[in-house]
Amino acid sequence: MTNQNMKMGTKAVWAGEKEYLVHGATQVPVVLSVAYNYDDMDEWYDVATGKKKGHIYGRNTNPTVQSFEDKMKALEGSEAATSFSTGMAAISNIFSTFLVPGDRIVSIKDTYGGTNKIFTEFLPRQQIDVVLCETGNHEQIESEVAKGCKILYLETPTNPTVKITDIERMAKAGHEAGALVIVDNTFGTPINQNPLSLGVDLVLHSATKFLGGHADALGGVVCGSQELVEKIYHYREINGATMDPMAAYLTLRGMKTLHLRVRQQCANAMELAKYLQTKDLVEAVYYPGLETHPNHEIAKKQMKDFGGMLSFAVKGGIDTVRDLLPKLQLANRAANLGAVETTVGPARTTSHIECTPEERAAMGIPEGLIRVSCGIEDIDDLIADFEQAFNYVESV
Ligand SMILES: *Cc1c(COP(=O)(O)O)cnc(C)c1O
């Protein structure tokens, strides 16, 4: 059976590993060696110049890291993939590969906080013109893209209010303008969403989140055509934002259960979102799986399921958040997401810590907004936990 014929769960378990197994072991080894020995000077030369397959030096390639990249290729259905030390390294290396002074990039206002910082702080000082459109305003993005740009950069669903952008429509708009179209698929995961099959050029992930899934390894990855990925790889091998072999191993191991985890996380998010809608203390619930979500139809069209991320706003703002969150027993109050444990945090402390209260308000992020990354716990226990925490807040 070739990788292409396998379904996602089978790929998550099997793909990308066989070539890297040694000594009859069933698991991919963690190769920590920084360099590789060659007794044959001609063979060394051939590997070093890319004429022959092999490894030379750990900043360039590593077998454990390559196995992770091969599994990602199978899951995103791409020709090539290259990895990074973190998700932010993936994003900044992609920009550094393709953007030069004078270029224009179009994106949305709701990108991940670190990405937004690159847009507002670092790219402008390299004379790169950054245009940030209202997230979900497809007409505005189309009209900005039509004026010409090198990159159209999207993220869907977004952090923390899980807004949705129509990937297929944006890929078409981008290509009509001759732009590279890039999607951050961290929230989507390859299980729920495959942007390459919707026409985009590059898809990237923070492997730190759902891919690894256990909040114990940092990483990033980009998937796309051989031609584009090779250019990014070349920048990364020189720049040095290489994924660590141990992180690659942990991520690879985590990915074997990706489909099971994501399935449970989606189911939990849907149930929790419905439950939260029934609470008096809750002002609004944001989840693309709810029919009340403004882009529910687009989400239904381009996602297989609606993801493990949701957010909700409580009455009483940050004071209610202060009372509510410490009462939860089955949730970490932490900055990460995508882990097997449910993780909660106020937007003002996590995704949008860089903004002033006024800026958050302008972005439609109330001070009482809580982001929830659903874990894989039993949903009855999660709901009971939220119920006792709401009861406590209502009693004080
Ligand atoms: C966390 C995250 C990133 C950055 O990834 P790191 O691994 O933390 O550098 C980028 N995009 C999204 C959507 C994220 O959630």
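Numbers here simply count residues along the sequence, with the first being 1. Order of listing sets the numbers, starting from 1, for every ligand and every atom in it.
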From Ser67 OG over to Leu252 CG, what is the distance, rounded to the nearest 0.5 angstrom?
-> 4.5 Å
Can you tell me the protein heavy atom closest to atom 6 (P) of ligand 1 and the distance?
-> Gly87 N, 3.4 Å
Selection from Asp184, Thr86, Thr186 by shortest heavy-atom distance to atom 11 (N) of ligand 1 = Asp184
Where is the nearest protein heavy atom to atom 4 (C) of ligand 1: which residue, which atom, and how far?
-> Tyr112 CE2, 3.5 Å
Donor-acceptor pair, side chain of Glu155 and main chain of Thr111, under 3.5 angstrom | no
Is it true that a side-chain atom of Ser373 and a backbone atom of Gly338 form a donor plus acceptor pair closer than 3.5 Å?
-> yes
Output yes when a side-chain donor or acceptor of His293 lies under 3.5 Å from a complementary backbone atom of Val162, and no otherwise.
-> yes
Do the ring centers of Phe312 and Tyr275 come within less than 6.0 Å of each other?
-> no
List every atom of ligand 1 that sits less than 4.0 Å from any heavy atom of Gly219, numbering the atoms from 1 in the order shown and giving each element.
-> 7 (O)
Phe187 neighbourhood, listing ligand 1 atoms whose heavy-atom distance to it stays under 4.0 Å = 15 (O)
Minimum-distance protein heavy atom relative to atom 2 (C) of ligand 1 | Lys209 NZ, 2.5 Å
Short side-chain to backbone donor-acceptor contact, Glu367 and Ala361, under 3.5 Å = no
Taking atom 5 (O) of ligand 1 as the reference point, the nearest protein heavy atom with its distance = Ser206 OG, 3.0 Å
Of all protein heavy atoms, the one nearest atom 9 (O) of ligand 1 is Met88 N, 2.8 Å
Identify the closest protein heavy atom to atom 7 (O) of ligand 1: which residue and atom is it, and at what distance?
-> Thr208 OG1, 2.7 Å
Relative to the heavy atoms of Glu155, which atoms of ligand 1 are at a distance of less than 4.0 Å?
-> 13 (C)
Verify, without hydrogens or angle tests, whether Ser83 (side chain) and Gly220 (backbone) share a donor-acceptor contact under 3.5 angstrom.
-> no
